[in-house]
K.L.:
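Once you've had a glance at the structure underneath, I'll fire off some questions.
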Amino acid sequence: MPELPEVENVAVALREHLTGRTLTGLKVKCTKVLGQCGTATRRALLGKALDGVHRHGKYLVLNFTDGKRPDAQLMIHLRMTGQIFILEGYIPDKHVHLIFDFDGLPVHYRDIRKFGRLLLVDDPINPTAIAHVGPDMLLVRFNEWHRRISHRKAPMKALLLDQGIAAGLGNIYVDESLFLAGIHPLAKPVDLTRPQLQSVLRVCKKVLRHSIKHGGTTFMNYTNFHGKPGNFQSKLHVYGRGGEACDVCGETIERIQIAGRSSCFCNNCQPL
DNA sequence: GAATACCTGAGC
DNA sequence: GCTCAGGTATTC
């Protein structure tokens, strides 16, 4: 499941391998993953070169230009199972829905659940389609984040998942970050001290940066831009470990539903 | 702010 | 053959 670190790695890879290359072809095997029809997508992008990749939370925005027609922007969200990769000699399976041809270099879009979307938008940095999305979790300053969250009465877990407050965390990183910060997922920001909130944001950023450094493979079986599988460098403390013993204190890890999502935590390490 | 739709493979 | 997982837009 790609979260912010995986999306950041895709952004870096696209910049490295495709900047300056012209999109010369687009094969559409499943229109569903496009926000518009294949014809409209081709009309907007073909013949233009990739000249910028911007990431905001888990969203990517690619800018295409040919110096004559207006630039075009393609926004990509991988959702649960989306993958983008270049792979020598790769034979597309049934889950490959799009094949971009960059001057002879094939770039595949593969998505088992077809939740991901590739949508033409109107701006390379701040498309109106994601105007409701908050600042990137890695960039937001504490004062700004504090202003957005400190008065809220919903559970911390729900608010960290809320991309409108700050964008980038998914279910896995939220559970792990709250464990490392020692904060109960049901804790309300309004009941927490400023130092506690400072600790939450600091840990969230640390977890994301750590994961990016390890190729986004820290917590997940993730396949990178060149098809290399993830290597499980770090073990999860709580996510997906309900009923098991906490590896810090030995207490049984709890599992409850918060905001409709499974949430795992250690009652002893994360007291309410 | 909570439920629902979207989609498929994994695991019972 | 059933249930569950997950992020987001949409709808209550």
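From a predicted model like this one, the values you see are computed outputs, not experimental measurements.
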K.L.:
Quick one: A:Leu78 CG to C:dA5 P, roughly how many Å, whole number?
P.N.:
22 Å

K.L.:
Pick the nucleotide of DNA chain C nearest each of A:Arg113 and A:Ala129; which residue has the one closer to the 5' end?
P.N.:
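By nearest-heavy-atom nucleotide position, the 5'-most residue is A:Arg113.
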
K.L.:
Measure the distance from CE on A:Met80 to C1' on B:dA10 and round it to the nearest whole Å.
P.N.:
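Rounding to the nearest Å, CE of A:Met80 and C1' of B:dA10 are 13 Å apart.
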
K.L.:
NA contact type, A:Ala154, heavy-atom cut-off 4.0 Å: base, sugar-phosphate, or nothing?
P.N.:
sugar-phosphate

K.L.:
Can a side chain N or O of A:His77 be found less than 4.0 Å away from OP1 or OP2 on C:dT8?
P.N.:
yes

K.L.:
Of the candidate nucleotides B:dC6, B:dG9, C:dC4, which contains the atom at the shortest distance from the side chain of A:Lys94?
P.N.:
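The nucleotide sitting nearest to the side chain is B:dG9.
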
K.L.:
Ring of A:Phe115 versus six-membered ring of C:dT8: centres under 5.5 Å and planes under 30°?
P.N.:
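According to the criterion (under 5.5 Å, under 30°), no, A:Phe115 does not stack.
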
K.L.:
Is there a donor and acceptor pair, one atom on the side chain of A:Arg79 and one on the base of C:dA9, closer than 3.5 Å?
P.N.:
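No, the side chain and the base share no sub-3.5 Å donor-acceptor pair.
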
K.L.:
Take atom NE2 of A:His95 and atom P of B:dG9, then tell me their distance rounded to the nearest Å.
P.N.:
4 Å

K.L.:
Atom CG of A:Leu236 and atom P of C:dA5: how far apart are they, to the nearest Å?
P.N.:
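Going from A:Leu236 (CG) to C:dA5 (P), I get 16 Å.
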
K.L.:
Nearest whole angstrom, please: distance from the P of C:dA5 to the CD of A:Gln257.
P.N.:
6 Å

K.L.:
Do the charged groups of A:Arg69 and A:Asp66 touch, with an N to O distance under 4.0 Å?
P.N.:
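Salt bridge flag = yes for A:Asp66 with A:Arg69.
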
K.L.:
Check this for me, if you would: do A:Asp136 and A:Arg55 make a salt bridge, where the nitrogen-to-carboxylate-oxygen distance has to be below 4.0 angstrom?
P.N.:
yes

K.L.:
Rounded to the Å, how far apart are A:Leu159 CG and B:dG1 P?
P.N.:
7 Å

K.L.:
Does C:dT8 have its OP1 or OP2 closer than 4.0 Å to a side-chain nitrogen or oxygen of A:Lys114?
P.N.:
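Checking A:Lys114 against C:dT8: no side-chain N or O falls below 4.0 Å of OP1 or OP2.
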
K.L.:
Side chains of A:Asp111 and A:His95: do they bring a donor and an acceptor to under 3.5 Å?
P.N.:
no

K.L.:
Think A:Lys153 has a side-chain N or O under 4.0 angstrom from the OP1 or OP2 of B:dG1?
P.N.:
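Checking B:dG1 against A:Lys153, no side-chain N or O comes under 4.0 Å of OP1 or OP2.
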
K.L.:
Send over the distance from A:Ile112 CD1 to B:dA10 P, rounded to a whole Å.
P.N.:
7 Å

K.L.:
Taking the side chain of A:His132 as heavy atoms from C-beta outward, which of C:dT8, C:dA9, C:dA5 is closest to it?
P.N.:
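My answer, after comparing the listed nucleotides, is C:dA9.
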
K.L.:
May I have the distance from A:Arg117 (atom CZ) to B:dC7 (atom C1'), rounded to whole angstrom?
P.N.:
10 Å

K.L.:
Could you pull out the closest heavy-atom pair between A:His184 and A:Pro271, with the gap in Å?
P.N.:
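So the two residues come closest at CB-O, 3.7 Å.
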
K.L.:
Salt bridge or not for A:Asp101 and A:Lys27, using N-O below 4.0 Å?
P.N.:
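No salt bridge links A:Asp101 with A:Lys27.
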
